[in-house]
Amino acid sequence: MSDTTPRDFIDKIDGAIARGEAFMLVAVLATMIGLATLQLILRKFFSSGFEWADVVVRQMVLWVGFVGGAHATYLGRHIAIDAVSKLLGPKRAAWLRVFNCIIAAVVTGILLVVSYNYVVAERGEFFSALGTEDSEAGSIESWPFDTIMPFAFAAIVFHFVVAAKNHLLVAIGKREAPAEEVEA
Amino acid sequence: MSGAVIGLLLVAAVGVPLFVVVGGLAMLGYQSEDIELSVLVIEMSGVFSEPALAAIPQFTFAGYLMAESGTPNRLVKVARASVGWLPGGLAIQAVIACAFFTAFTGASGITIIALGGLLFPILLKEGFPEKFSLGLLTSGGSLGLLFPPSLPVILYAIVAGVEVDDLFQAALVPGIILVAFMAAYSAFVAVRTEEVKRIPFEMSELIAAIKEARWELPLPVIILWGIYGGWLTVNEAATLTVLIVLVVECLLYKDISLTKDLARITTKSAVLIGAILMILGVAKGLSDAMTIAGIPDAILEYIQSNVDSRIGFLIALNIFLLIVGCLLDIFSAIIVVVPLILPLAQQYGVNPLHLGVIFLANLEIGYMTPPVGMNLFLSAFRFRRPLPTLYLASIPFITVLLAALLVITYVPELSLWFLDTPE
């Protein structure tokens, strides 16, 4: 969203979430590259390395993927076949986008519920196995990393709903259509 | 059920993000087999723990750093000083620069954005027709997809279960063939166009250009040597690339400010990574749901009863993949389509490495195929031309690349020369 677009309270919350995502992306990518560098140096020069670091780097990929996916939703940069809306006038295109965002919010909403239930179940299994023979001492559990999934889906659903609202404002003529950005 | 599937396919055509559509299809697939939807989440989480996947964010980040720095400019200068004197040299220069850049940025369309604006005015100024220049840059946007460290190659290797290094090796000669066909066609057009100027070869200019780009030029060599020499894994090569690019662009050239630009570029590249990885996750789920539903077996049976020769299979494969390439983006195409065609190809005696090369070369062409190839949209944006103009401009290039594709498909030795028993 450009700085000149009028913003209401919901847009400001949306923007704040997006800033949080951007901050996390920088932090996660930096951690990932830092750890990968450490491993590279340890392996090549000292013939050693930390087993946990490889696991954490892989989990960071999951985080970059999901938080990046949420931020891509905010920026409207998901890969889509967007030819039809380019053939329509601005208002009709806005109506189509309202429709698309609602569909997307419904589908990702289901994914939010499913991923939330999954993480809760995974965590439950971990705690019920604690202290029993099933718990593996010293191994890195994946469920704390998986918790990013419901959070990211929640952000994605919210971004889609806000985008639907903003496209609706354009469709009914209450807001100017944003200028098209060129970005790969 | 089938109504919901058709509905989802329809909304994909009008612009609903592909990860939503693919995710929806995967959930419908699981539901029809009475499987819990949480399996989709498990598949998504699982695909991210593939060891080689960590190379994708790192190479993408390195590609963005280069795109935002003075690399495109320095690269074009070296290419111009080294091949500019050839007939059509400036077009060949554009082809080489595009291939280099795409290899590093992995067919994300960044080539057209980063290099297009730079090369388009140069080509016009040197007398190349506008239509030719547009077609060249539109098709150049995915050229180089077969060279290391291209992301689609890594992803294909993960999905098909072949060694990444082997696939890079198999893709090398076919990649060169695609570039050579484009270069030859450019030279042909240049010779026939009177207005096209040729620049004389100047040793001093070449030395100056190489000197200016001295920190970046060794990068592909280090990566090629590292991966092919078995000295680096693909992940390590990715980490090393990020480190080199960070040092070169931020500290040596000072094109990118550590305080002002780095965070912005990081976020920008992470958005692309996110867009790719989200599709990847749900596509893994869809692929799994299709396997459970027995779809690959059904396709195998159908094809086997209708196609009886290897050549017949390869022709059908090429046509099918071109259609896939212009409808789906390359990343979801790999995850969804590769598990479907892999058993088929084995049945017809096609080596999985050769299949990978055919697959990726097809999708490379699919990127520029009307009506919905992604490069066409990017070019329409970048050069502010209507889509039909770009359709017409890209047709000669598609034809040339299709000819190269035929060579790559029907001469498997070009891909498998390094194996002891190429078949």
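Bear in mind the structure is a predicted one, so any value in this text is a computation, not a measurement. Each chain gets a letter, A, B and so on, in the order its sequence line appears, and its residues count up from 1.
When heavy atoms are compared at a cutoff of 4.5 Å, B:A12 approaches chain A solely by way of its backbone atoms N, CA, C and O. For a residue to count as touching a neighbouring chain, one of its non-hydrogen atoms must lie under 4.5 Å from one of that chain's; by this rule A:N117 does not touch chain B. Of the atoms belonging to A:F153, it is side-chain heavy atoms, and not backbone ones, that fall under 4.5 Å from chain B. Of the atoms belonging to B:L18, heavy atoms from both backbone and side chain fall under 4.5 Å from chain A. A:L62 touches chain B through backbone and side chain together, each having a heavy atom under 4.5 Å away. Within the 4.5 angstrom heavy-atom criterion, atoms from both the backbone and the side chain of A:S115 approach chain B. For B:L243, the part sitting under 4.5 Å from any heavy atom of chain A is the side chain, from C-beta outward, and nothing else. Interface residue A:I156: only side-chain heavy atoms are found under 4.5 Å from chain B. For chain A, no part of B:L246 is nearby; none of its heavy atoms comes within less than 4.5 Å. Both the backbone and the side chain of B:V14 come within contact range of chain A, each with at least one heavy atom under 4.5 Å from a heavy atom of that chain. Contacts between A:M60 and chain B at a heavy-atom distance below 4.5 Å are absent for every atom of the residue. Heavy atoms closer than 4.5 Å to chain A are found nowhere in B:T233, neither backbone nor side chain.
Listed options A:E21, A:M32, A:E122 were ranked by heavy-atom pairs under 4.5 angstrom with chain B; first place goes to A:M32. Among B:L8, B:V20, B:V282, the residue making the largest number of heavy-atom pairs under 4.5 Å with chain A is B:V20. The greatest number of non-hydrogen atom pairs below 4.5 Å with chain A, out of B:L40, B:I56, B:N235, B:I42, is found for B:I42. With respect to chain B, the highest number of heavy-atom pairs below 4.5 Å among A:A121, A:G69, A:A22 belongs to A:G69.
Inspection of the B:T239 and A:T37 side chains reveals no N or O donor paired with an N or O acceptor under 3.5 Å.
Ion pair A:D14/A:K165 not flagged as a salt bridge, since none of the NZ, NE, NH1 or NH2 atoms sits closer than 4.0 Å to an Asp/Glu carboxylate oxygen.
Within the model, atoms SG of B:C250 and CG of B:L65 stand 6.0 Å from one another, a figure rounded to the nearest 0.5 Å.
Put simply, the side chain of B:N375 gets close to the backbone of B:T138: a donor and an acceptor are under 3.5 Å apart. Between the side chain of B:D261 and the backbone N or O of B:S257, at least one donor-acceptor pair lies under 3.5 Å.
Taking the six-membered ring where the residue is Trp, B:F120 and B:F383 present tilted rings, their angle falling between 30° and 60°.
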What's the verdict on salt bridge (charged side-chain N to carboxylate O under 4.0 Å, His left out) for A:R175 and A:D11, showing C-alpha distance, side-chain angles and the deciding distance? CA-CA 13 Å; A:R175 198 180 265 190; A:D11 293 333; 3.0 Å; yes
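Using a 4.5 Å heavy-atom threshold, the side chains of B:F48 and A:F66 count as touching.
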